[in-house]
Asker: 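Please find one structure pasted underneath; my questions will follow.
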Amino acid sequence: MESTNETILPEATSPERVEAPLMLSLQRFLARLSSSTMLRPWGLRARRGAQAQGGGTMAGQAKGNPWFISAFVLVVFLLAWHFFTLRPTFDAVGLTEEQLQLMEFNGDIVRLPDGVYTWNPEKEKVKGIPGPLAVLEKARTELAEAFVKKGTNDHGIGYLVLYTVSRFAAGFLAASVIAIMLGVILGLNKVLFRAANPFIQILKPISPLAWMPLLLYTVKDPKWTAMLVVFMAAVWPTLATTAFGVSSLKKEYLHVAAIVQLSWFKRLFKVILPGAAPTIVNGLRISFGSALVAVVPAEMLLGELGVGYLSWIEWNNLDIAGVIFAILVVGVVGVILDSGFNKLAGLVTYQE
Amino acid sequence: MSFLQIDHVSKSFPNPSGEGQVCIFKDATIKIEKGEFVTVIGHSGCGKSTLLNIIAGLETPTEGGIILNGREASGPGLDRMVVFQNFALMPWMTVFENIALAVRSAYQDWSAAQVTAHVNKYIALVGLKGAENKRPIALSGGMKQRVGLARAFSIEPKVLLLDEPFAQIDALTRGVIQEELIQMWNTSRNTVFMVTHDVDEAILLSDRILLMTNGPEARIAEMVHVSVPRPRSRETVIEHPHYYKIRNHIIHFLVRHAKHGSSEGTASGSSTNGDPVIVNFEQDALATH
């Protein structure tokens, strides 16, 4: 009975079939967009990505170029953003002179030298969300002065990125080194691992920002506190996964190392660390993400110069375009750091 | 005094289901002469791999000890190299690096050129020339175990310990590698201790085959002399009149012991003092004449 139903169903008009022509044309449009191979490097990257996933997970669209779809989505988003945030220019028609004067007195509009009224740009900044052009303009002025120091707390965006990256790098590297060292010790000693595990499990889920008051009180220096917050964010995932990776290392590798009488130094650097490297890198990746997430609010709360600080100071200035710009900068910095990390990770992982 | 002596070795593990100990095997005594090829056959769980690991120094016996060349061997060492069932090649190293890791460690005063030459010699010996820079992921099971054999032979150990070395290799390749092993062993003449499930493999390669009863409290019940003269090959060995006698004897033993706890009252009987029964078809033939 069921099989006859199934054979009949495609003939019947179902809701999906009504939508089908629209979906089909959109699909065809996207396929045409993505089948073009104009942008070689993107195509190359996409193919490598597909190989890494075991080759052709999306067999039907194997020839497509996802970057064209990305670009298409971006353009649609920017246009939508632009039109939704677009405000009509001030139109004085139908308003009496008194009304205009009252509006000017309230600061809603300003009178230009040629006598024409227009919306007050200062007040416009906080009316609704700024459009992409306003953000672009803000980005242009900020990037033009990327390496200018206007005052003690007004450094160019280039400096701010530099401060954030170096703060992040210091905290992340220190955390990684310590977490890997401790993780190897715990991974090699089952008793120690089980003894330490409850502490790791309790400390791991604590938000790194929750440590901040205590750290600030202890070290009494916001510079070090920000770094330590990054450290706290980065240390637990790496520690837990390193211990796990080392302890789940195949016994045969350690047996071979023991039989050929490798020194402990060689055993560590030739067998244990490379063997556990894929797991350690996974831990580092989680640490990397949470440290990157922690550094921005740490700067906001501590008032330390950096991209997080930029976002907060622009909010205090009620410059929403500046806030959006700061968010974008955080995203770009994250992407650049992450791609660097992935390159590094590719060097140490292996396939079994 | 034999070259390698496994002296009254017992192994017990703590009982996983509660207090007390589970005895895996008891009072195993094996004397192996220099250059001899001895194989242990037994059902899974009789502790033969544990015994091999104890000889390798990777596990400690509960009682007894290993005497190699007149000295007690405790802990792993370069004089007893293992060829592992699952190859145990480091997947992050190339074929060359896997072997070189052992060679550098065994010959610490050698120059880099000496190490390279030595490693390449053994890579060529197992027919892996051209695959030096491949990683294990790119090799078939047979090729992986060739690397394992090359690594083991390359450090020229006093004792070679083979832990079901061909169990994970397909049947066709297995025969080829077995003959390669014979050739390598013919030139090196290491003392070999092998553990296997494969009766044909044991007869082809060994001088003596030890038959183990089932655990717990497994023991070495019989010692079968492989009275087939060397050099042997897979084709000629089955022609020998003793081949099927030995094979049938071993298989009968294994079938008898397949039923759990049936080690008592076996047909061939076990001598009361616990020493293994010696089975030698050559002597049988001489006796009947």
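Worth saying up front: this structure is predicted, and the values here are computed from it rather than measured. In what follows, chains carry the letters A, B, and so on, assigned in the order in which the sequence lines appear, proteins first and then strands, with residues in each chain numbered from 1.
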Asker: For the pair A:Y350 and B:W92, name the ring-plane relationship: parallel under 30°, tilted 30 to 60°, perpendicular over 60°.
Answerer: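 Because their plane-to-plane angle lies in the 30° to 60° range, the rings of A:Y350 and B:W92 count as tilted.
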
Asker: Inspect the surroundings of CH2 in B:W185 and state if more than 12 heavy atoms from other residues, nucleotides or ligands are less than 6.0 Å away.
Answerer: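 Counting other residues, nucleotides and ligands, CH2 of B:W185 exceeds 12 neighbours.
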
Asker: Taking every heavy-atom pair that is under 4.5 Å apart, which of B:V82, B:I155, B:L101, B:D79 has the most such pairs with chain A?
Answerer: B:L101

Asker: Let me confirm one number: the NZ-CG distance from A:K251 to B:L58, rounded to the nearest 0.5 Å.
Answerer: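 It comes to 12.0 Å.
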
Asker: Counting only heavy atoms closer than 4.5 Å, note whether A:V348 contacts chain B via side chain, backbone, both or neither.
Answerer: neither

Asker: For the CE atom of B:M90 and the NZ atom of A:K250, what is their distance to the nearest 0.5 Å?
Answerer: 11.5 Å

Asker: Do you know which of B:A102, B:P136, B:P157, B:G77 has the most heavy-atom pairs under 4.5 Å to chain A?
Answerer: B:G77

Asker: At their closest point, which heavy atom of A:Q261 faces which heavy atom of B:S105, and how far apart are they?
Answerer: O-OG, 3.6 Å

Asker: Taking all atoms of both residues into account, what is the closest heavy-atom pair of B:P91 and A:Y253, and its distance?
Answerer: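 Closest pair (atom of B:P91, atom of A:Y253, distance): CD-OH, 3.2 Å.
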
Asker: Are the side chains of A:I259 and B:R80 in contact, using a 4.5 Å heavy-atom criterion?
Answerer: no

Asker: Nearest 0.5 Å, please: how far is NZ in A:K270 from CE in B:M93?
Answerer: 6.0 Å

Asker: Take a 6.0 Å sphere around OH of A:Y163 and say whether it holds more than 12 heavy atoms from other residues, nucleotides or ligands.
Answerer: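 Yes, because the 6.0 Å sphere around OH of A:Y163 holds more than 12 heavy atoms from other groups.
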
Asker: Any side-chain heavy atom of A:V260 sitting closer than 4.5 Å to one from B:R104?
Answerer: no

